[in-house]
Structure formats: C-alpha cells, structure tokens
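Note sheet for the following structure.
Letters A, B, ... are given to chains in the order of the sequence lines, protein chains preceding strands, and every chain is numbered from 1. In this text the structure is predicted, and so the values were computed from the model without any measurement.
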Amino acid sequence: MYWSKTFIPTLREDPGEAEIASHRLMIRAGLTRRLAGGLYSYHPLVLRSLQKLETIIREEMNRAGAIELLMPALQPREVWEQSRRYSIMGEVMFKLKDRQGRDLVLGPTHEEVITDLVAHEIKSYRDLPKTFYQIQTKFRDEIRPRFGLMRAREFVMKDAYSFDISLSAADKSYQAMYDAYCRIFERCGLRTKIVEADTGAMGGKWSHEFMVLADAGEDGLVECPSCSYAANLEKAERSVPLAEQAVSSEPLRKISTPGARTIEDVSSFLGCRPSSLIKTLVYVADGKPVAALVPGDRDVNEKKLQNVLEASTLSLADEATIQRVTGAPVGFAGPVGLRIPIVADISLKHAVNRVVGANKADAHMLNFDINRDAAVSLFGDIVIARGGDGCPRCSGSLAEERGIEVGHVFKLGTKYSQAFGAEYLDEKGQRLPIVMGCYGIGVTRTLQAIIEQQHDANGIIWPPSVAPYQAVVLPMSSTPEALRVLETLKASLEQAAVDYIVDDREERAGVKFKDADLVGFPMRVVISEKSLANGKIEIKARGDASAEMVPPGDAVITIKNLLSTAVPTR
RNA sequence: CGGGGAGUAGCGCAGACUGGUAGCGCGUUUGGUUCGGGACCAAAAGGUCAUGGGUUCAAAUCCCAUCUCCCCGACCA
C-alpha cells in the first residue's frame, strides 16, 4: 500500500475534543473521527487493526470449540419482555417503531435472541454442549459516552453464549472461554488483570472481568500482591482486624455543631480526623428504611449492603424520609435512639469514643460507644474496599489500581433458559433447563486499550499482531539504485507475508518520521542515499531507541526477527 | 439527570470585560528556494462568529431561550 493512496489524516496538534492519551492519539493519528457523541468512523488504518483483532478472536474462539453465527441487531420488544429486561435495560436500549407501529430495539447484547433460538432448536442432551459466538455492532444509549471508542454508543463486540446440561459441564465451558480470553489478550500484546466482578444487570452467580491496567481506566480494582486475589471495587471484599482497642469508653455527650453537615465540616470543626467519626446513612431497602454505619473516611458499597440485607432493591433515602426517620435535617443523622434497623460496618464492631450525628439540627454526639449506645442489628462488610485494606484470602494487604474492562465472562445459570423455556431431555427423558454462560469482549474498546497501554510521547506503539501494517517504508532517495532496492524489498516483504506501507508522499523527511512514529507502525525501514553508499538500509523497531544498519538482502530476516521479539503473536 | 467548562476559517486558539473594519499559528492552493526529525520566502483561497429571539443607530461582544461538545458522578464491553 502507498501512503498517498490510502487515507491517513494525521493532525499536527492535539485535538481539543480528546482528553486521555489513547483517544487523543486515535484522532491525531487519523484513525478515527467523531460523527456525534459516542459515534465514530473507523478509518482505513484502524479498520485493518480491527480486522486483525477479529481474526485473532475468531481463531481462539474456534480453537476453544465455539461456533460463529450472526444474529439480528434489530430485535422485537417481545424477547426483552420475556426476560423481564425491557425495563431493566430499557434506558440503555435504542428503541424504534416499524411502519406497522411495532416496537423494536437495537440490540445492546444478545442473551434474549440466542436463548430464544436455542429454546426452539435444541431439544436433546445429544445436542449439547454448544457455544455460539458472533462479532457484531452493538448499540447502547450510554448515559455518558466517553473517551472515543472506550465508551461509544455504537461499538463492535464479540459476544459468546454457552449451553450445557449441568452446572459442572457449564464450568468447563466457562473455563474454555476464560482460557481463550487469556490467549486473545496475550496475542494482542496486552497485559491484563483478571478480577472477580459483580454480575450486575446480566444476572448470574459468578463472573470475571479482564482488565487492562491504566490510569485512565473507568473501573477501580484491588489486588493482593501476596496471593492471587483481585476484584473489581464493586465486588471486592476485605478483611478487618477485630482486636479490641484498649481504650475505655468516655461518657456520651451532646455538643453543638452549627451548620456542620458533612464529614469534612464536623472533623474540621472539632479538630479530629474523619476516621474518628461515624457516618450514618439512611437507605430504603425493599421499601423500608434502614441505617448504615460506616467510618467517616469510608464509603458505603451499596451492592455489598444490598447483599448483607438480602434486599432486592436498595437506594439512598430522600430528604423527607431522612427527616421523618431521624427527626433531623440531612447531615445530622446518628444511630443513637434510632428506631429502624441498623447495619454497621464490621470494622466498627468495637468502636468507642467516636463522633456521630445527634438526630437534631446542628448537634453531634461525642464519645459514642457502638455497643453501649446503639442497637445494631447486624455487622457486615459494607464499605468499598481500598488500597491498604486487608486481603480477604490471605494476610496480605490490598493494592488499588484502575483498569479498562475489555472482557467479561459470566456464569449465568438458568435465568434466561427458564424465561425462554430452553430445556433439553436427558438420557432418562427428563426435561431440564439448559445451563448458560455468556462472554463478551469489547473489540473496539480493546483496540483503544492497546493504544492506552502502548504509546509514548511520540505516538502509538502497535504490537505487530494488530498493527495496521507491520512495517512502514520511507524511500528518501529516488536514484536508480534506491528505486531498485525499494522494488526488491517490496517483493521480499510480500513473499515473507509482512504487510507494509510505503510513504511515497512529497514530504520532507521530518514529516514522514513524525507521522511514522505517531501512527506507530512496529517497523520502520529507511532507504537513503547516505546509507546505500555503505551498502546498507536502516531498520528500526518503533519501541527501540536506535536503528540497525543492514544490507538490503538481510532486511526481511531482520524485520522478522525484530517483529517476533516485539510481542508474542503465537 | 446533577455539578463544572466550551462552541469564532479544515485544526489549535485570540478578540468579548469597555458594542463600531473578524484576527493569529498550523494546514490548504500557486510560484520559488530547500530536502534525515513537523523548512523558508512570496502570493492566494477559506467565516451564516452554534441556533433562534431581544436590546441598540450599530452585536462575535450585552440580555433571554435552545442545541451541541468536553470533563466529574450513577451505567457497562
């Protein structure tokens, strides 16, 4: 390919619309342009990367025994009603009507369609197990599209669904996908962290997320350096030392704290640390108010709280409810004398001499003793874990990181198969629900995550396996000898199946060097009169500081060697 | 939806407070000189100042409304 023939609209300056490195680079390197919020065109170069990534995914899915199919992106409302997700997912779905007035949605995911298909077509244990996958454009009306392809409203996803006769058989399918995911991300040159995750709107019992560690990541996670424990913050547990403090309780005392509603207000007013305060938050769980107590410097993890309460719905109480339950305006709630159930974080088990709200405007209580002064109905782990907390699996201490979720695998159980009547007959003629799993990779997001992880001040550093072209050739001379060397090089690159682009533009060398670095081709070959005078051409790997000078005849072997050491392509 | 910022030439920005000729850099076009890390000189093209309304002799500038985009939170691959 010739640079002048394709379409690579690079920018000299950083675009104003982009904040994080990968987003900025995708636009600057001419890989993509925004049409509207969360909607992007894939230019020729990034399309090549996308296709290479899809090929890797297909190879690994097929190797894992999954079968590719393709389902409609346009789906009838009915299947979503059937799984009862029309209301749960309703907000994120693009909805439309056909000319008959029938309701349709643009598929944000395909559990419903695939389960409906399987329910109709698979009847016998002889037909199982099966894992189907597709690579397809998904549509989600995101609350806030962000960071270019990182969170777009239209994006490419690989989704897979497994169907098994039993939980233990489903575990095998799950593991096969899990292993395939590890190979896929490794082949992309990505370092991923696999973390335990919450199942969210997908439902199901168990899931793992594949995270690309990056400061710009949207998810927080913790990991233990001493054992293998790692989890999304939404899910992460922590262990809390329960040794009793050798401090005796002082008498409870009410003090005036005019206007001090927040933890910061109160701690600076009293000149004490936030951790010596206890936050009292009023929630409504399944329609009934409950109070949650956490240390002043910690935040409630609502999912954990919901689990501890075994509640199916949970939300923060509104002002009126707080006023009614505590008898005080927002900001002064406290556990003393409260007549609703109280859940306290496990770390408060022996809390003494703390500061709490007094359930009275402009007043707090000093020297609160949780066992003496409050009626706690339940202690549990209800705060968001953070770095420094104890590991729940060993005696280590957790480290906190940020990550980009590029893949997610779920054990779904029978939630969807029961909703759609996806059942099979076993060898005894018994009718049983099919056990499912589902598995997603954000394909376009993965591409951006690669850039987020692999770039420097000059631009992108593509891993060879997903680079738009593996090599860029810069002809700096048009002498007959240089042209002959170029033609020979092209022929041998083609023979060796190294894809390349020749920068044939009428530009000065500096421009071509800058653009080559910006776009990030793994290999750069420079043919110039100066080096040709010594019978050499120049070869440089994008990530390396210096170039190698080799005879033209050794170019391809040198490139092959450098490519193979850059990143495993398997 | 709540909070914060921004819409002026293809891109990046100034101009606005204090109303009066729309500007700079990059890019683009033409000619010339240059030619291994975003060259130089000269000339040129390119604008409903986001949209609608209002105030005024006069609005990019002041006022009101709307739309769009970016960032922080709730959602997710």
Side-chain angles (χ1 to χ4, degrees), chain A residues 9-20 23-24 27-28 30 33-39 57 88-93 107-110 135-160 181 185 197-202 207-212 216-220 232 234 299 302-303 315-316 403-410 438-449 458-459 474-478 503 505-518 524 526-532 538 540 547:
Chain A
T10 59
L11 263 29
R12 291 202 175 207
E13 291 174 273
D14 277 332
E17 77 186 64
E19 195 76 9
I20 66 169
H23 185 198
R24 225 165 43 221
I27 295 167
R28 241 193 105 182
R33 287 292 186 268
R34 185 178 62 80
L35 171 66
L39 299 175
I57 292 172
I88 300 172
M89 297 285 279
E91 293 283 284
V92 316
M93 289 198 284
T109 178
H110 281 245
I135 296 176
Q136 187 201 40
T137 299
K138 296 284 190 270
F139 300 87
R140 292 187 188 176
D141 192 359
E142 291 287 345
I143 301 168
R144 181 153 88 91
R146 243 201 295 218
F147 302 149
L149 301 190
M150 199 81 103
R151 177 177 299 278
R153 293 196 290 176
E154 177 180 328
F155 61 98
V156 178
M157 177 166 155
K158 188 286 307 179
D159 45 328
Y181 275 33
F185 294 123
D198 192 80
T199 51
M202 205 60 81
S207 85
H208 287 98
E209 287 170 342
F210 289 72
M211 293 285 196
V212 174
E218 297 183 277
D219 294 270
N232 191 307
E234 291 174 351
D299 295 312
E302 295 186 4
K303 281 178 176 143
S315 62
L316 216 43
I404 301 162
E405 182 190 348
V406 289
H408 202 157
V409 292
F410 296 84
C438 74
Y439 317 91
I441 290 177
V443 183
T444 38
R445 177 184 284 180
T446 299
L447 229 36
Q448 190 169 333
N458 296 320
L474 310 192
M476 296 293 179
S477 162
S478 50
D503 190 349
R505 292 176 299 169
E506 301 275 337
E507 289 286 356
R508 293 165 59 86
V511 173
K512 296 188 181 188
F513 284 133
K514 287 287 184 189
D515 273 348
D517 284 350
L518 178 60
R524 189 186 77 192
V526 182
I527 303 172
S528 71
E529 267 170 71
K530 208 165 55 182
S531 52
L532 240 31
E538 175 188 314
K540 180 179 168 298

(request) Would you mind pulling out the nucleotide paired to B/C67, Watson-Crick or G-U wobble, both distances under 3.5 Å? (result) B/G7
(message) Check the phosphate of B/C26 against A/Arg12, side-chain N and O only, distance under 4.0 Å to OP1 or OP2. Yes or no?
(response) no
(message) Checking A/Tyr181 against A/Val406 for the side chain to side chain contact (heavy atoms under 4.5 Å, CB included) test, could you report, in this order, the C-alpha distance in whole Å, the side-chain angles of both residues, the deciding distance, and whether it holds?
(response) CA-CA 10 Å; A/Tyr181 275 33; A/Val406 289; over 6 Å; no
(request) For A/Gly16 and for A/Met150, locate the closest nucleotide of RNA chain B by heavy-atom distance; then report the residue assigned to the nucleotide nearer the 5' terminus. (result) A/Gly16
(message) Base of B/G12, side chain of A/Arg24 - is there a donor-acceptor contact under 3.5 Å?
(response) no
(request) Please determine, for the side chain of A/Arg151, which listed nucleotide (B/C76, B/A74, B/G37) has the closest atom? (result) B/C76
(request) Quickly work out the A/Asp299 CG to B/G73 P distance and round it to whole Å. (result) 13 Å
(message) In this structure, how many angstroms lie between the P atom of B/C76 and the CD1 atom of A/Ile143, rounded?
(response) 8 Å
(message) Taking the minimum atom-to-atom distance to the side chain of A/Met157, which one of B/C75, B/C71, B/A77 wins?
(response) B/A77
(message) Below the 4.0 Å mark, does B/C71 have OP1 or OP2 next to a side-chain nitrogen or oxygen of A/Arg144?
(response) yes
(request) Could you tell me whether the side chain of A/Glu13 has a donor or acceptor atom within less than 3.5 Å of a complementary atom in the base of B/G25? (result) yes
(request) Would you mind classifying the nucleic acid contact of A/Val443 as base, sugar-phosphate or nothing, using non-hydrogen atoms under 4.0 angstrom? (result) nothing
(request) Starting at atom CD of A/Glu209, determine the distance to atom C1' of B/A77, rounded to an integer number of angstrom. (result) 9 Å
(message) Just the rounded figure in Å: distance from P of B/C76 to CZ of A/Phe147.
(response) 18 Å
(message) If I take atom CG in residue A/Leu518 and atom P in nucleotide B/C26, what distance separates them, rounded to the nearest angstrom?
(response) 19 Å
(message) Roughly how many Å apart are B/A16 and B/C57, using the P atom of each and rounding to a whole number?
(response) 24 Å
(message) Checking contacts here: which listed nucleotide (B/A77, B/A39, B/G37) is nearest the side-chain heavy atoms of A/Arg508?
(response) B/A39
(message) When both hydrogen-bonding distances must be under 3.5 Å and the geometry is Watson-Crick or G-U wobble, what is B/A14 paired with, if anything?
(response) none
(request) Would you indicate what A/Asp14 reaches in the nucleic acid, counting non-hydrogen atoms under 4.0 angstrom: base, sugar-phosphate, or nothing? (result) sugar-phosphate
(request) Between B/G38, B/C71, B/C70, spot the one nearest the side chain of A/Arg28, thanks. (result) B/G38
(request) Check the distance between B/U29's P and A/Glu506's CD and give it to me in whole angstrom. (result) 12 Å
(message) Check this one for me: any side-chain N or O of A/Arg146 less than 4.0 Å away from OP1 or OP2 of B/C75?
(response) no
(request) Please determine, for B/C49, whether a Watson-Crick or G-U wobble partner exists with both distances under 3.5 Å, and give it or none. (result) none
(request) Could you check A/Leu11 against A/Ile20 and say which one's nearest nucleotide on RNA chain B is further toward the 5' end? (result) A/Leu11
(request) Calculate the interatomic distance between A/Lys512 atom NZ and B/A39 atom P; express it in whole Å. (result) 13 Å
(request) Round to the nearest Å and state the distance from A/Asn232 atom CG to B/A77 atom P. (result) 11 Å
(message) Taking the minimum atom-to-atom distance to the side chain of A/Glu405, which one of B/G38, B/C70, B/A77 wins?
(response) B/A77
(request) Please answer whether B/A77 and A/Phe155 are stacked, defined here as ring centres separated by less than 5.5 Å and planes angled under 30°. (result) yes
(request) Any chance you could measure A/Asp198, atom CG, to A/Asn232, atom CG, to the nearest 0.5 Å? (result) 8.0 Å
